[in-house]
Student: 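Below is the structure I would like to discuss, written out as structure tokens.
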Amino acid sequence: MSDAPESSERAADHLKARRDKLDSLQAAGEDAFKVMFERSHLIGNIPELVPDLEPGGESDLKVRIGGRLMAFRRQGKLVFADLADASGKIQLLAQANRLGDRFAGLDDLDIGDWVGAWGPVIRTKRGELSVALEGFDILTKGLRPLPEKWHGLKDVEGRYRQRYLDLIANPEARTVMMARSSAIAFIRTWLQERRFIEVETPMLQPIHGGALAKPFTTYHEALNMNLFLRVAPELYLKRLVVGGVERVFEVNRNFRNEGVSVRHNPEFTMLEAYQAFADYNDMATLLEGMVSEAAQATCGSMKVPYQGEILDLTPPFRRARLIDLVREAGADPDGDLVADCRRLGVKVDPNWSWGKLLLEIYEKKVERNLLQPTFVMDYPKEVSPLARSHRSDPRFTEHLDLVIAGMEVGVAYSELTDPIDQRNRFEAQIDDSDDEAHAVDEDFLKALEYGMPPTGGLGFGIDRFLMVLTDQASIREVILFPALRPEEGVTPPAAPKAPGVKENGTDLDGLKAAIKASIPEIAEAVVAAMPEIGASAARRAADDAAHRAAETPTAARSAERRAPHDPGVIPQLLVVGTGKVASSLARLAERSGFHVRVAAGPDAYSVGEFEGADEVIVTPEPQDVEALRPDASTYVAICSEVNEFAEEVLQTLMATDVPYLGVMLKKGKAAGAFKRLGKLGFSEAQIARVRMPIGLALRSQSPEEIAISILAEIVSVRRGGLQSSSTPG
RNA sequence: GGGUUGCUAGCUCAAUUGGCAGAGCAGGGGACUCUUAAUCCCAAGGUUCCGGGUUCGAGUCCCGGGCGGCCCA
């Protein structure tokens, strides 16, 4: 819950009664948050200690137990309550005659309180095992009511955001958590029994590799370098195999900067294992042994229910070649796959390779129907850049997926050990480079050149396996704290500082600041001495400094006001936002001779990769005109998602005399936005200057095209050229 | 990113064609010595996620926004 005044005010009603009880306890000198309470027994252990207790009987066993009060049933001078600790739940029986004066103290108790209680174990007349209270203490006073006792906490969002309430109210949540713990513990032990060594390898990696996935980026200040959160530990574990660690594994988190779904969380837990003198067939055997025995250990059976089906995890699992599965789906791998795709309703690009088409048909038509555990063998070479070529069919690699319940749960390779082949594959990927491509990891290649033995490797998605074991349809049910957007009104933390570090690690920001602070001659000298670190950017900064130095502040301002397209003035572009359009625009504008400043809002967690920006202003106060430095030569493009920061920057800049103020909006949102501005009290003239939606109407689609339309509009304004067709009115 | 769907008291849910926002549990007061979803009586509890609009009148219809669920990409 937020601590915002309004919400605590609203909460006051239902909290007041409990606060009053707390106050009266404390007024009576009682500590409502005790430091300790010695327990003699765990609740769950009590029943077996009094096996023969008859209804109405009292045992010799006296216990001191502690737990959370879960229910409270008053019956005049007799009170029943339920007390639960991590091991179980038991009834408390409070009788006026046994408790004496302390009986009145029951009024201070609320459901949800942590309570210590002591007395003999009895069985009530109705047969319920109970502790007959001789005394009790409030250990911790609960100040908020628990969710409803019968229905529990059902709201999915509430269950994820307040998992502690889910754990208190819903036994299922505890079951899943415990299953996860025991399955992971089982897998660790199982592998160690087979002589696998558990290791930990870097999560912060200078080069991300081992999987085709978009990484999270972060920045190390002391080392002045960008780092990636790992998408996989693969390349480090393989280094260990080179080092002679013949059987090695790691169970830990991977991070992938991709969407969330019922099967995807940005951070997830992965087992990777490598075994020297083994191939992917051996890894398949290892996987099916591990999966079946973990199911037996966790669920008590190798046949587990999943979403209305029974999954039979008894080994051996079905093995099927991918090409054969595609054939079964009705396509002819030797014929015209594009035509087959069209017939099967699989959308494809006709330029795709044979292997890509095969994979597409498999993923769209086969995978989700593979309910029972299946090893899908031999991926086409074009789509499996990390596995070694198949020993008998060069079209394929020795790469298999383990599919359970239509989900990719595991993967295994005969690992590529040839450093030359590996280099070629890395470089081939750079050629058709995209977000997911690997950089060439020279250090890893060097390790391979020392020689890696024949090796099999596997990856195993712990979260998805837990979904199978606990019959959960969503990965969020097996991750205690799944990724969620912050609730409305909760301000995300400020973005970390991420100076404009370029690939070579030179601190351009520092250099530019130094240049601006010094006289132009020194700046020129620096540029001359260090041409390789971005001479054009530095030169413009020098020109800028020279220009500013030549004028008094007042004179400079008036000179700039004279004409925005005065050839003597370097045009400034202030880009608000750090998305794809913003970065494309920054690059284009930088090359077009603009001095580019980027204002990163609070949603920008990493701006380290902002090439094209001459300056990055990290999370300025949106009302801070000084930080934004708008002037008569500053063109402003607000390209962020609509958010509070962008909104406030817009309102700040509307009061200035910038020559261009554009706002990127979703289609059809402009009218509403103009209306809102009108309500905020801006004049019609001020509003008319705002270009919404931003950019010339070029029917732009991609971020790059949108950036072009924005820059084109800015140029047209600067040169006094065509009237923008997207100007309102 | 697109589609769809949800958001009403602390919790679980109602509210008919647009017509006085209700109940159960929890919480407050009272009765009760064998209850266990206790029961009975009384009283209280609301920014219907937020902002606009239509209307005599909006929880309900329309537009925009926020945060979720599901499906698709």
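FYI, side chains are in, hydrogens and waters are out, and symmetry mates aren't considered; it's all heavy atoms of this structure. The structure presented is a predicted model; accordingly, all values stated were derived computationally and were not measured. Below, read A as the first sequence line, B as the second, and so on, with proteins coming before strands; counting in each chain starts at 1.
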Student: If you assign each of A:Lys154 and A:Glu128 to its closest nucleotide in RNA chain B, which residue comes earlier from the 5' end?
Tutor: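 Its nearest nucleotide being more 5', the pick is A:Lys154.
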Student: Have a look at A:Arg74 and say if it touches a base, only the backbone sugar-phosphate, or nothing, with a 4.0 Å heavy-atom cut-off.
Tutor: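 Base, at least one base heavy atom under 4.0 Å.
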Student: For atom P, what is the distance between B:rC50 and B:rA43, given to the nearest Å?
Tutor: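 Approximately 30 Å lies between the P atom of B:rC50 and that of B:rA43.
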Student: Could you tell me whether A:Lys77 contacts a base, only the sugar-phosphate backbone, or nothing, with contacts defined as non-hydrogen atoms closer than 4.0 Å?
Tutor: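 Base contact.
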Student: With P as the reference atom in both, quote the distance from B:rA15 to B:rC20 in angstrom, rounded to an integer.
Tutor: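 Nearest-Å result for B:rA15 against B:rC20 at atom P: 14 Å.
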Student: Which part of the nucleic acid does A:Gly152 contact within heavy-atom distance under 4.0 Å: base, sugar-phosphate only, or nothing?
Tutor: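 Sugar-phosphate only.
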Student: Between A:Asp471 and A:Gln307, do the side chains contain a donor N or O and an acceptor N or O under 3.5 Å apart?
Tutor: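 On atom types as modelled, these side chains qualify, holding a pair under 3.5 Å.
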Student: For RNA chain B, what residues of residues 80-102 of chain A have any heavy atom nearer than 4.0 Å?
Tutor: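 Residues of residues 80-102 of chain A that come under 4.0 Å of RNA chain B are, in numerical order, A:Phe80, A:Gln91, A:Asn97.
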Student: What is the nucleic acid contact for A:Leu146, judged by heavy atoms within less than 4.0 Å: base, sugar-phosphate only, or nothing?
Tutor: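 No contact at all - A:Leu146 keeps every heavy atom at 4.0 Å or more from the nucleic acid.
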Student: In whole angstrom, give me the gap between the P atoms of B:rU17 and B:rU55.
Tutor: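 Straight-line distance between the two P atoms is 23 Å.
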Student: Does A:Ser474 reach a base, just sugar-phosphate, or nothing at all? Heavy atoms under 4.0 Å.
Tutor: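 The residue A:Ser474 makes sugar-phosphate contact but no base contact.
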Student: Taking the C1' atom in each of B:rC70 and B:rG28, what is the distance between them to the nearest angstrom?
Tutor: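 Straight-line distance between the two C1' atoms is 41 Å.
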Student: Under 4.0 Å between a side-chain N or O of A:Arg368 and OP1 or OP2 of B:rC72?
Tutor: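 A:Arg368 to B:rC72 OP1/OP2: side-chain N or O found under 4.0 Å.
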Student: Are A:Arg102 and A:Glu134 side-chain neighbours, meaning at least one heavy-atom pair lies under 4.5 Å?
Tutor: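 The answer is no; the side chains never approach within 4.5 Å.
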Student: On the nucleotide B:rU36, are OP1 or OP2 found under 4.0 Å from the side-chain N or O atoms that A:Arg73 carries?
Tutor: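 The answer is no; no side-chain N or O of A:Arg73 sits under 4.0 Å from OP1 or OP2.
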Student: In whole Å, what separates the P atom of B:rC13 from that of B:rC49?
Tutor: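 Rounded to whole Å, the distance is 15 Å.
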Student: So with a 6.0 Å cut-off around CZ of A:Arg174, is the heavy-atom count from everything else above 12?
Tutor: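 For A:Arg174, atom CZ is crowded (more than 12 foreign heavy atoms under 6.0 Å).
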Student: Under 4.0 Å, heavy atoms only, any strand: does A:Val262 hit a base, just the sugar-phosphate, or nothing?
Tutor: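 It contacts sugar-phosphate atoms only.
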Student: Just to confirm, is there a sub-4.0 Å distance from OP1 or OP2 of B:rC32 to any side-chain nitrogen or oxygen of A:Gln75?
Tutor: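 A:Gln75 to B:rC32 OP1/OP2: no side-chain N or O under 4.0 Å.
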Student: According to a strict under-4.0 Å criterion, is A:Lys21 in side-chain N/O contact with OP1 or OP2 of B:rG28?
Tutor: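 So the side-chain polar atoms of A:Lys21 do come within 4.0 Å of the phosphate oxygens OP1 or OP2 of B:rG28, strictly under.
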Student: Count the heavy atoms of every other residue, nucleotide or ligand shown that sit under 6.0 Å from CG of A:Asp20, and state whether that count exceeds 12.
Tutor: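 Yes, enclosed.
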Student: Is the shortest side-chain N/O distance from A:Arg476 to OP1 or OP2 of B:rG69 below 4.0 Å?
Tutor: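 It does, given that an N or O in the side chain of A:Arg476 lies less than 4.0 Å from OP1 or OP2 of B:rG69.
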